[in-house]
Colleague: 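Got a structure for you, questions after.
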Amino acid sequence: MNRGLVLSFLLLQITVLVLLLSCYRNTLTDATGGQWDLLLSNIGISAMHMQLLTNDKVIILDRTGFGPSNISLPNGRCRNDTITMKIDCTAHSVEYDVASNSVRPLMVLTNTWCSSGAATPNGTLIQTGGSNDGDHNVRTFKPCNDNSCDWEENNNVLTERRWYATNHILPDGRLIIIGGRGQFNYEFYPKTPSADKLHDLPFLSQTNDKDIENNLYPFVFLNVDGNLFIFANNRAILFDYTKGVVVKTYPTMPGGDPRNYPSTGSAVLLPLKNLQWEAIEAEVLVCGGAPKGAYVSAMNGNFVPALSNCGRIRITDANPQWTIETMPLARVMGDMVLLPNGKVLIINGASTGTAGWELGRNPVLSPVIYNPDNLSGSRFEVQNSSSTPRMYHSTAILLRDGRVLVGGSNPHQYDSFKGVKFPTDLTLEAFSPAYLDQNFAWLRPNIISPASRSTIRYGQQLAIRFGIPPGRLNRNSVIVTMVAPSFTTHSFSMNQRLLVLSGGDIKPVGRSKYQIRVVTPGSPNLTPPGYYLLFVVHQDIPSEGIWVQIK
């Protein structure tokens with residue numbers, strides 16, 4: 001064979017190799033960037049609020065009083081719309097069945113616009129406040145499997161009007177309801193003769209910007225000492241709600257820019273670890289939002305860029321300080337979702353403007369994953385983009401199978417489907433992080449026992465059996481996590497928390513079957529009573545979760 005033919009042959013082989021490597025690289029990029037799937041093109045309402053229930057169904061709410069929805073109530077049922085003085089025979093809440101990928105219309109009677117919620121220790125969803133005829137109301141939804149359950153409405157239960165308020169489950173199982181428009185106070189639910197009064201919270205009036213507020217839907221997290229971390233506007237306190245006393249005042253977040261509604265950043269309590277230590281550490285991450293003056297500028301038609309940084313603070317330190325990190329994408333109205341492997345998904349939102357009617361521009365279509373355990377400067381990873389803008393009134397929650405359910409987007413005072421920049425969105429999507437890619441199936445564990453919906457106790461030795469493909473176990477990379485399902489609205493996931501269980505003694509119990517012993521959290525200050533999703537995570541790849549109830 002002459003030299004020319006040899007060179008031609010070699011060049012052909014190199015070209016083929018380059019093409020193969022290019023294809024492999026693209027496949028790997030797609031795998032590491034996650035995957036988007038359209039679940040339903042029309043659920044009838046826009047998903048302003050969402051909560052996963054213990055039967056793997058998701059309650060979704062929009063609002064009433066703004067005209068009919070796109071899904072009818074069954075059996076000719078109707079409600080009297082007290083705002084428009086018309087009979088409304090459409091649903092403004094639906095139940096999404098994850099298994100069947102279908103929705104069932106529900107009947108909510110009063111206006112849930114910008115309301116709040118939490119799941120009680122027995123799994124009942126408590127939904128509080130809203131606007132107009134719903135602002136003093138409490139609605140309850142008890143999960144069922146025969147489609148017989150619906151909303152129950154309790155009128156005028158709340159002491160004060162709760163619109164843009166935040167809820168949190170307490171260590172004793174009660175619900176605390178904090179703030180709201182014009183409300184610089186808090187109250188408890190359920191109501192009892194000894195706890196029926198209103199309690200002042202001056203911190204909320206101190207953080208209230210005149211005519212703009214910037215402290216609505218305050219970020220509230222139960223600290224490991226039983227006090228509440230409350231962040232509003234650009235400041236935070238540690239608050240003893242039993243005595244009404246500020247235990248600690250944290251430094252103002254550097255830059256002084258507001259992070260709460262309508263500037264609307266988001267926040268999470270980072271995963272709690274080392275739960276058997278005498279001094280357990282807790283950290284909070286606050287990301288995105290809109291700079292000072294952005295709301296007024298947007299009202300005047302000038303849409304300024306959103307914030308592109310996050311603040312991280314260890315709230316249990318004696319002298320806590322903020323550390324500032326730069327996100328790869330500026331974001332306002334984003335949602336932050338704790339993933340089963342302890343990473344944080346930042347999703348939805350816009351890159352300019354603020355929350356409010358027509359006040360956001362330039363949707364951010366690419367989610368970002370934040371790894372809190374990486375070194376600073378290498379914690380963010382941009383994910384594959386969706387084609388659907390998720391602007392004002394969007395939501396995202398974790399499902400038991402590890403996917404993230406995404407819906408909503410309605411930046412208009414009334415449902416608007418044509419002739420607007422961002423039409424009212426009635427779709428549901430799922431974002432599957434890279435850990436669900438089939439390329440990683442050989443690393444994925446599956447839980448054998450305990451059975452889902454098992455009851456566990458505080459400080460209990462818990463034996464978990466799991467399977468993994470033959471020869472794939474890396475003993476040093478197995479952890480067990482517990483995740484509290486959240487009530488998500490307006491870029492904040494109320495009651496969201498993740499705990500990494502202490503322990504890790506692994507032994508074989510059969511072919512490709514293993515048992516790991518862990519210790520459950522020792523206090524309701526760490527884990528308020530109720531239902532949690534429990535996952536076995538192997539090399540960052542989580543199993544499908546099971547439900548456990550701690551009490």
Colleague: Are Glu187 and Arg162 close enough for a salt bridge, meaning some N to O gap below 4.0 Å?
Modeller: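 Counted as a salt bridge, because a side-chain N and a carboxylate O are separated by less than 4.0 Å.
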
Colleague: I'd like to check the ring pair (Phe, Tyr, Trp, His ring centres under 6.0 Å) partners of Trp547; sequence neighbours left out, ordered by chain and number.
Modeller: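 Expected list: none.
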
Colleague: For the backbone of Ile468 and the side chain of His538, can you confirm whether one donor and one acceptor N or O come within less than 3.5 Å of each other?
Modeller: no

Colleague: Between Asp225 and Lys248, does the salt bridge (charged side-chain N to carboxylate O under 4.0 Å, His left out) criterion hold? Intermediate values first, please.
Modeller: CA-CA 12 Å; Asp225 62 359; Lys248 182 183 295 185; over 6 Å; no

Colleague: Could you pull out all residues at least two apart from Tyr96 that satisfy ring pair (Phe, Tyr, Trp, His ring centres under 6.0 Å)?
Modeller: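 None.
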
Colleague: Assign the ring pair His199 / Phe188 to parallel, tilted or perpendicular, where the plane angle (0 to 90°) is split at 30° and 60°.
Modeller: perpendicular

Colleague: So, for Thr427 and Ser41, which heavy atoms are closest and what is the spacing to 0.1 Å?
Modeller: CG2-O, 3.3 Å

Colleague: Can you name the nearest heavy-atom pair linking Pro143 to Thr124, along with the distance?
Modeller: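 Answer, listing the atom of Pro143 first, then Thr124: CD-CA, 4.2 Å.
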
Colleague: Answer yes if the side chains of Ser491 and Ser266 hold a donor-acceptor pair under 3.5 Å, and no otherwise.
Modeller: no

Colleague: With a 4.0 Å cut-off, would you call Arg390 and Asp425 a salt bridge?
Modeller: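 Salt bridge between Arg390 and Asp425, a charged N being under 4.0 Å from a carboxylate O: yes.
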
Colleague: Show me the donor-acceptor pairs, under 3.5 Å and distance only, between side chains in residues 506-516 and residues at least two apart or in other chains.
Modeller:
residue: Gln515; atom: OE1; partner: Arg465; partner atom: NE; Å: 3.0

Colleague: Excluding sequence neighbours, so at least two apart, what forms ring pair (Phe, Tyr, Trp, His ring centres under 6.0 Å) with Phe535?
Modeller: none

Colleague: For Asn111, is there any backbone N or O sitting under 3.5 Å from a side-chain donor or acceptor partner on Thr64?
Modeller: yes

Colleague: Take Tyr261 and Tyr164 through the ring pair (Phe, Tyr, Trp, His ring centres under 6.0 Å) test and state the conclusion after the steps.
Modeller: CA-CA 8 Å; Tyr261 184 90; Tyr164 300 90; 4.7 Å; yes

Colleague: Could you pull out all residues at least two apart from Pro469 that satisfy side chain to side chain contact (heavy atoms under 4.5 Å, CB included)?
Modeller: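 With sequence neighbours excluded, Pro469 shows a side chain to side chain contact (heavy atoms under 4.5 Å, CB included) to Arg472, given in chain and number order.
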
Colleague: Is Arg497 reaching over with its side chain to a backbone N or O of Leu526, donor-acceptor style, under 3.5 angstrom?
Modeller: yes

Colleague: Val247 and side-chain contact (heavy atoms from CB on, under 4.5 Å): which partner among Asn227, Asn223, Ile237?
Modeller: Asn227

Colleague: Does the ring center of Tyr250 lie less than 6.0 Å from the ring center of Phe229?
Modeller: yes

Colleague: Which heavy atom of Met336 sits nearest a heavy atom of Ala267, and at what distance?
Modeller: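 Looking at all heavy atoms of both residues, the closest pair is SD-N, 3.5 Å.
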
Colleague: Please report the closest heavy-atom contact between Asn147 and Arg104, naming both atoms and the distance.
Modeller: O-NH1, 3.1 Å

Colleague: Between Lys273 and Asp373, does any side-chain N to carboxylate O distance fall below 4.0 Å?
Modeller: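 Salt bridge flag = yes for Asp373 with Lys273.
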
Colleague: Return a table of donor-acceptor pairs under 3.5 angstrom between the side chains of residues 456-463 and protein atoms on other chains or two or more places apart.
Modeller:
residue: Tyr458; atom: OH; partner: Thr527; partner atom: O; Å: 2.6
residue: Gln460; atom: OE1; partner: Arg457; partner atom: N; Å: 2.7

Colleague: Quick check: closest heavy atoms across Lys551 and Thr455, and the distance to 0.1 Å?
Modeller: CE-CG2, 3.7 Å

Colleague: Should the ring pair Phe492 and Phe219 be called parallel, tilted or perpendicular, given that the plane angle runs from 0 to 90° and is split at 30 and 60?
Modeller: tilted

